[in-house]
Amino acid sequence: METRGIFENISCIDHRYSLSEKDAFDLLSGYISEEASVRSCAKCEAALVKAHLKLRGLLTDATASELDSVASSIDPAEVYAEEEKTKHNIRALVNVMKTKVSAEIGPFIHLGATSVDILDTALSCRMRDVTQNVVLPYLKKLEGHLCDIAERECATPQVGRTHGQHAVPITFGWSIAEFVSRLGKSILRIEELSNQLKGKLAGPVGSYNGPSMIVKDPEELERTYLGFLGLEPSEYSNQLVEPEYLLRLLLEMNVAFGIIANLADDLRNLQRSEIGEVFEYFASTQVGSSTMPQKRNPWNSEHVKSLWKAMAPRVLTFYMDQISEHQRDLTNSASQRFIADYVAGFTMAVARMDSVVAGLNADKESMARNLENAGGKVKGGVLAEPAYILLGEAGVNDGHEVIRKITLEAEQTGKTFFEVLKTHTEAYAKITAQLEKLGIANPENFFEHPSNYCGLAEVKSKRLAQKYKELMKK
């Protein structure tokens, strides 16, 4: 077979990203490359022969080993050459396999099957295996690093942000715990759905016409066939396995992809020059700009979002492949082949995101400085919320209005919120009394530093980190 240099390939997955994410690419290739696709179909054909022989009491270890060896060594180039004659990919595979097994076994290859009994079953095998052996390990590794940050930075004060504006204080661990929780649940769902993929051996319209000419119990033949592949039969199938099994798995991957893209966006924004609260690892030889030597761009986070932009819209095609006229049409034959591209793009984005998170550094000084100055034109204004709440607890009916006027006064005078609040002695006394009731240490100076007002951010960050660390081990 003629070897093509990777830079002659058209897909960026097969040249640029096969180099930048080489470890991920090499692992993925073992499951969703075209070679893996052809060989997984051959493995299904071998499983069908085993099923026939087993039900006849003729299956031996030697025969099973022979079939496994043939299936694992099938040359895709030979199958493709045969397809030039047959114009049919599965018939080409069958023809090639028949030349590689003993004459006694040959007649059982593809006996009672239609093409999709092989194709859909093989696709389920590949998607299960690539998900469990490649995608999930990368996801769990990323989740583990997120858990580490959430726990390590659980008490690191940071200003919260809503609508792009300063909100009340949080901790950096809390901002990461969001993604620990969201991604963690998605990982568990992906794992669950990967175990629910189905196969079939039910013939051209799913009613077991062909197999009923071979055995008395066609469903037993189907169960035996799928048992060799570690699958269960679809409850209902026409020529196709019910598409929703695979669709749900792909949709949940896209849910996880969106969560990761959201994380990438947040980390990218926190690296803005005027914020500067986190920064990606930057190698000593790395260049941020071709013309501005000082630049250190958050390009890895941007790359993750860019991959999401390229891959997420393919969900529309997954939905479109849900529809097949009557017992089957062939409109998914080309589109379904691009599932491999999607899984590859998703996994490479996960790998890249993990490299960002693993090397992520929090600039605690910048976080503290930004928090101390938070509140727009009113330094310390992010503490207006607890002041108004405490006034309400003290029985002040218009506490919100009282505090609003104090923030306006601070803005007009250029003083801090705390400085102006103290001059309103009646309101300040009531607020301080409420803080004393809550057992807050040094209540008179509570409003001096916004970092005093972080709620349960530290406690819940640590709790979520520990929870999902344990869940990822199961």
Side-chain angles (χ1 to χ4, degrees), residues 1-6 8-11 14 29-53 63 66-127 199-206 209-211 213-214 221 225 228-229 237-241 321 324-341:
M1 182 178 180
E2 183 180 347
T3 301
R4 176 191 293 137
I6 64 169
E8 295 179 84
N9 293 334
I10 293 172
S11 172
D14 292 321
S29 181
Y31 297 97
I32 56 174
S33 65
E34 185 60 8
E35 179 175 272
S37 176
V38 171
R39 288 180 177 170
S40 70
C41 288
K43 184 178 179 181
C44 289
E45 293 286 2
L48 177 56
V49 176
K50 292 179 192 177
H52 280 302
L53 295 175
T63 301
E66 178 189 350
L67 287 163
D68 290 341
S69 177
V70 168
S72 63
S73 61
I74 283 290
D75 183 358
E78 192 175 353
V79 176
Y80 264 66
E82 181 67 15
E83 189 180 348
E84 288 297 310
K85 305 173 193 173
T86 64
K87 306 302 180 186
H88 193 286
N89 58 343
I90 292 299
R91 197 67 233 178
L93 173 63
V94 170
N95 291 350
V96 170
M97 286 189 72
K98 283 177 175 286
T99 67
K100 299 183 181 299
V101 298
S102 58
E104 307 84 61
I105 293 176
F108 293 111
I109 294 178
H110 203 66
L111 185 65
T114 191
S115 299
V116 185
D117 288 327
I118 303 301
L119 288 168
D120 272 14
T121 300
L123 179 58
S124 290
C125 287
R126 291 198 304 281
M127 287 301 298
K200 73 176 283 272
L201 182 67
V205 292
N209 299 48
M213 297 291 98
I214 303 169
L221 178 61
Y225 160 62
F228 283 115
L229 301 166
S237 56
N238 42 43
Q239 190 170 133
L240 305 167
V241 169
D321 280 346
S324 186
E325 292 179 2
H326 304 297
Q327 282 66 56
R328 189 211 180 189
D329 63 38
L330 203 59
T331 57
N332 71 338
S333 61
S335 53
Q336 200 173 71
R337 292 180 182 274
F338 290 90
I339 290 173
D341 290 52

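Not measured: the values here are computed from a predicted model.
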A.B. asks: Is there side-chain contact between Asn89 and Leu119, with heavy atoms separated by less than 4.5 Å?
C.D. replies: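 Contact flag for Asn89/Leu119 side chains = yes.
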A.B. asks: Which atom pair, heavy atoms only, marks the closest approach of Leu93 to Ile74?
C.D. replies: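 The answer is CD1-CG2, 4.1 Å.
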A.B. asks: Among residues at least two apart in sequence or on other chains, which ones pass ring pair (Phe, Tyr, Trp, His ring centres under 6.0 Å) with His52?
C.D. replies: Phe108
A.B. asks: Measuring from Asp75:CG to Glu35:CD, what's the distance to the nearest 0.5 Å?
C.D. replies: 8.0 Å
A.B. asks: Between Ser115 and His88, what is the shortest heavy-atom contact and its length?
C.D. replies: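 Here Ser115 and His88 meet closest at OG-CE1, 2.9 Å.
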A.B. asks: Which value, rounded to the nearest 0.5 Å, describes the distance between His110 atom NE2 and Met97 atom CE?
C.D. replies: 11.5 Å
A.B. asks: Which pair of heavy atoms, one from Lys200 and one from Ser237, lies closest together, and at what distance?
C.D. replies: CE-OG, 3.4 Å
A.B. asks: For Ile10, does the CD1 atom have more than 12 heavy-atom neighbours from other residues, nucleotides or ligands under 6.0 Å away?
C.D. replies: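 No, not enclosed.
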A.B. asks: Do the side-chain N and O atoms of Arg126 and Ser40 include a donor-acceptor pair separated by under 3.5 angstrom?
C.D. replies: yes
A.B. asks: Are side-chain heavy atoms of Arg91 and Glu82 found at a separation under 4.5 Å?
C.D. replies: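 With C-beta onward as the side chain, the pair stays apart.
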A.B. asks: Give a yes or no answer on whether the side chain of Asp14 reaches the backbone of Asn9 with a donor-acceptor pair at less than 3.5 Å.
C.D. replies: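 Such a contact is absent between Asp14 side chain and Asn9 backbone.
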A.B. asks: Between atom CG of Leu221 and atom CG of Leu201, what is the distance when rounded to the nearest 0.5 Å?
C.D. replies: 5.0 Å
A.B. asks: Are more than 12 heavy atoms from other residues, nucleotides or ligands located less than 6.0 Å from atom NZ of Lys50?
C.D. replies: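 Check passes, neighbour count above 12.
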A.B. asks: If we ignore hydrogens and angles and just use 3.5 Å, is the side chain of Asn238 paired with the main-chain N or O of Gly206 as donor and acceptor?
C.D. replies: no
A.B. asks: Is there a donor-acceptor pair under 3.5 Å between the side chain of Asp117 and the backbone N or O of Ala202?
C.D. replies: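 Confirmed, Asp117 side chain pairs with Ala202 backbone.
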A.B. asks: Which distance, rounded to the nearest 0.5 Å, do you find between the CG of Asn95 and the OG1 of Thr99?
C.D. replies: 8.5 Å
A.B. asks: Please give me the minimum heavy-atom distance between Tyr80 and Val38, naming the atom from each residue.
C.D. replies: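 Taking every non-hydrogen atom into account, CE1-CG2, 4.5 Å.
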A.B. asks: Just to verify, what does Glu78 make a salt bridge (Lys or Arg N to Asp or Glu O under 4.0 Å) with, not counting sequence neighbours?
C.D. replies: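 Here the qualifying residues are Lys100.
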A.B. asks: Are Glu104 and Thr63 close enough that some pair of their side-chain heavy atoms sits under 4.5 Å apart?
C.D. replies: no
A.B. asks: Roughly how far apart are Thr331 OG1 and Asp321 CG, rounded to 0.5 Å?
C.D. replies: 7.0 Å
A.B. asks: Would the distance check show the side chain of Gln239 and the main-chain N or O of Thr114 forming a donor-acceptor pair, the cut-off being under 3.5 Å?
C.D. replies: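 Between the backbone of Thr114 and the side chain of Gln239 there is no qualifying donor-acceptor contact (under 3.5 Å).
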A.B. asks: What pair of heavy atoms forms the shortest contact from Leu111 to Leu48, and how long is it?
C.D. replies: O-CD2, 3.7 Å
A.B. asks: Testing the basics here: between Asp329 and Ser324, what is the closest heavy-atom pair and its distance to 0.1 Å?
C.D. replies: N-OG, 2.8 Å
A.B. asks: Keeping the roles fixed (side chain from Ser72, backbone from Ser69), state whether a donor-acceptor pair exists under 3.5 Å.
C.D. replies: yes
A.B. asks: Rounded to the nearest 0.5 Å, what separates atom OG in Ser11 from atom CD1 in Ile6?
C.D. replies: 11.5 Å
A.B. asks: Could you check whether any side-chain heavy atom of Lys43 comes within less than 4.5 Å of a side-chain heavy atom of Cys125, counting everything from C-beta outward?
C.D. replies: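 No, every pair of side-chain atoms sits at 4.5 Å or beyond.
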